[in-house]
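The analysis underlying the following values was restricted to heavy atoms, covering all of them including side chains, and did not include hydrogens, waters or symmetry mates. Throughout, protein chains are lettered first and strands after them, A, B, ... in sequence-line order, and every chain is numbered starting at 1.
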There are 2 protein chains.
Amino acid sequence: MYKQLFEHIKKTCPNYPEEDLNLLLPYFESKIITKKSLFLKVGDVCNTAAFAVKGCFRYFTTNSEGEEFITRFAFNDYWVGEIQGMIHGTPSMVSIEALEDCSVLTISATDYNYLLQNSRPFADFIEKKFAKAFQSAEIRSSEFAESAENRYQILLSKFPDITQRVPQYYIASYLGITPESLSRLRKKSIS
Amino acid sequence: MYKQLFEHIKKTCPNYPEEDLNLLLPYFESKIITKKSLFLKVGDVCNTAAFAVKGCFRYFTTNSEGEEFITRFAFNDYWVGEIQGMIHGTPSMVSIEALEDCSVLTISATDYNYLLQNSRPFADFIEKKFAKAFQSAEIRSSEFAESAENRYQILLSKFPDITQRVPQYYIASYLGITPESLSRLRKKSIS
DNA sequence: AGCCAATCTTATCCTAGATCAATTTTTCTA
DNA sequence: TAGAAAAATTGATCTAGGATAAGATTGGCT
């Protein structure tokens, strides 16, 4: 479990000192998040972040018609939670739900902020992660310049096995179309 | 000009020490960016950030059909440029164009990074700005859960005078619809 | 194995927004 | 200030995707 977290960190920061990795250990706790449970609810302040060792999550909001809209997915080796909210104490704009039983390593907002202040390597790591997240958010919105079909293809190219792990109606929600439309679209692109 | 920048900083960070504000002065340069000129081009690394004292910019990308798509606007009191790119040296995913003659205060990537390392208040300020930008990016994509008409209303509520400053076909591009559709949509919502 | 619920597909019809084309209005610019 | 270019509107027609409804599959559970 920790090995996977360390690999993840080293992939982002190849120079992360080995001894600093070990310093992280006491701050993390291994947990199972059961399928369908909410890790975070809209309006709540995120007080825990989780590194997904195994599993799958959806982030979602509700539009003015009361319909759910999936803003993103998170899989193995993703961080789950609202890092921003943990630092600034701002309430979350999204809810996060486990789509499977997920095995995670959690860290409290308190410990997270402590590490951020007291471990340069950790702060650098988070800074990089955050930059990446920002970029993803920008990409996400510009994808709406594409047709639904293109958006679907883009999603597939990023997550080739997503159709095996995520129900199709959630994928449709992510794409901003109905499940029926996605079904037709898939039929068309197969033939 | 500087007064406006300082006010902007103090609005974000009320505790920004007065003396640290004055330390910023030598790093900024006052410039005019003429209408229709590109401040940054897709693929280039952003080597300058600008604080917009007066003016108006559009950020845009090109989709797979070769059509321009506006990802955001920036007005007075906005920072223009790719802060991320300036830190990490990553090439820009967007182009930035001035929609009017713009009066700005620029800072080079070098000075920017220097301040980030050597001025705690400045680093905190940027950190807050960045958190805000991230939030905006997330909001931007979730707005596509709304109808075009709603998206237009949301835009108007954020920038009530945008129709006076930005050509309608750019607003249409931002909304992800054609100028013709926006024209109809406006006609409908007026009556 | 067998049943109920969740998920996905298919068909029909409908609507928001696209496309194409022609004006009209506004804005530059010589 | 006239004339050209840019921007916005309007009309007619088309299409991607929505809504509704009915089946077909799949997947837990007991």
Side-chain angles (χ1 to χ4, degrees), chain A residues 34-37 55-56 58 60 62-70 73 97-102 141 143-156 161-191, chain B residues 34-37 55-56 58 60 62-70 73 97-102 141 143-156 161-191:
Chain A
T34 57
K35 183 169 176 171
K36 293 203 175 155
S37 66
C56 171
R58 69 183 178 109
F60 63 101
T62 303
N63 74 6
S64 60
E65 311 280 274
E67 300 152 348
E68 278 184 8
F69 174 71
I70 294 186
F73 295 107
E97 183 195 292
L99 296 179
E100 323 172 339
D101 288 342
C102 299
S141 55
E143 277 170 2
F144 283 98
E146 304 288 340
S147 68
E149 184 160 0
N150 281 162
R151 295 201 300 278
Y152 181 56
Q153 293 303 335
I154 294 170
L155 182 67
L156 287 186
D161 62 345
I162 195 170
T163 51
Q164 270 74 65
R165 299 187 69 178
V166 175
Q168 217 160 285
Y169 58 90
Y170 283 147
I171 296 178
S173 166
Y174 178 86
L175 297 173
I177 61 179
T178 60
E180 292 92 334
S181 294
L182 178 55
S183 178
R184 274 186 297 239
L185 198 148
R186 298 184 73 211
K187 192 180 170 187
K188 186 153 65 84
S189 54
I190 288 163
S191 54
Chain B
T34 57
K35 184 169 176 172
K36 291 202 175 157
S37 66
C56 171
R58 69 183 179 109
F60 63 101
T62 302
N63 73 6
S64 61
E65 312 279 273
E67 301 153 346
E68 279 183 8
F69 173 70
I70 294 186
F73 296 107
E97 185 195 291
L99 296 179
E100 323 172 338
D101 289 341
C102 299
S141 55
E143 277 170 2
F144 282 97
E146 303 289 339
S147 68
E149 184 160 0
N150 281 163
R151 296 203 298 280
Y152 181 55
Q153 293 303 335
I154 292 169
L155 182 66
L156 287 187
D161 62 345
I162 195 171
T163 52
Q164 270 76 64
R165 301 187 68 176
V166 175
Q168 217 159 284
Y169 59 92
Y170 282 148
I171 296 178
S173 166
Y174 178 85
L175 297 174
I177 60 179
T178 60
E180 293 93 329
S181 293
L182 177 56
S183 176
R184 284 189 190 105
L185 196 147
R186 297 184 74 209
K187 192 179 170 191
K188 187 153 65 84
S189 54
I190 288 162
S191 51

**Report entry** Evaluation steps, side-chain hydrogen bond (donor to acceptor under 3.5 Å, both in side chains), between B:Tyr152 and B:Arg186
**Finding:** CA-CA 9 Å; B:Tyr152 181 55; B:Arg186 297 184 74 209; 3.0 Å; yes
Query raised in the report: Between atom CG in B:Leu185 and atom C1' in C:dA18, what is the gap in whole Å?
Result: 14 Å
Report task. Check for a donor-acceptor pair, side chain of B:Arg165 on one end and backbone N or O of B:Gly55 on the other, with a separation under 3.5 Å. Result -> yes
Query raised in the report: Atom NZ in B:Lys35, atom SG in B:Cys56: separation rounded to 0.5 Å?
Result: 10.0 Å
**Report entry** Atom pair distance, as rounded to whole Å: CD in B:Glu146 and P in C:dA16
**Finding:** 15 Å
Report task. Identify whether the distance between the nearest side-chain nitrogen and carboxylate oxygen of B:Arg58 and B:Glu97 falls below 4.0 Å. Result -> yes
Query raised in the report: Separation of A:Glu65 atom CD from D:dG18 atom P, in whole Å?
Result: 13 Å
Query raised in the report: Relative to the 5' end of DNA chain C, which residue comes earlier, A:Arg184 or B:Arg184, by the nucleotide with the nearest heavy atom?
Result: A:Arg184
Query raised in the report: From C:dT9, D:dG11, C:dA18, pick the nucleotide closest to the side chain of B:Lys187?
Result: D:dG11
For nucleotides 3-8 of chain D, list the nitrogen or oxygen atoms of the protein found under 3.5 Å from its nitrogen or oxygen atoms, one pair per line.
| residue | atom | partner | partner atom | Å |
| --- | --- | --- | --- | --- |
| D:dA7 | OP1 | B:Tyr169 | OH | 2.6 |
| D:dA7 | OP2 | B:Tyr169 | OH | 3.1 |
| D:dA8 | OP1 | B:Gln168 | N | 2.9 |
| D:dA8 | OP2 | B:Gln168 | N | 3.0 |
| D:dA8 | OP2 | B:Tyr169 | N | 3.2 |

Query raised in the report: Once you round it to whole Å, what is the distance between C1' of C:dC14 and CD of A:Glu180?
Result: 14 Å
Query - Whole-Å distance separating the CD atom of A:Glu100 from the P atom of D:dG28 - result: 12 Å
Query - Integer-rounded Å distance: D:dA16 P and A:Tyr152 OH - result: 18 Å
Report task. Using a heavy-atom cut-off of under 4.0 Å over every strand shown, decide if A:Thr178 touches base, sugar-phosphate, or nothing. Result -> sugar-phosphate
Requested in this report: Can you tell me the distance, in whole Å, between the CD atom of A:Glu149 and the C1' atom of D:dT15?
Outcome: 14 Å
Query raised in the report: Over how many whole Å does the gap from A:Ile177 atom CD1 to D:dA19 atom P extend?
Result: 12 Å
Requested in this report: Determine whether A:Ile177 and A:Leu185 make a side-chain contact, defined as any pair of heavy atoms from C-beta on separated by less than 4.5 Å.
Outcome: yes
Query raised in the report: Taking A:Glu68 for the side chain and A:Ser173 for the main chain, is one N or O donor matched with an acceptor at less than 3.5 Å?
Result: no
Query raised in the report: How far does CD1 of B:Ile162 sit from CD1 of B:Ile171, to the nearest 0.5 angstrom?
Result: 4.5 Å
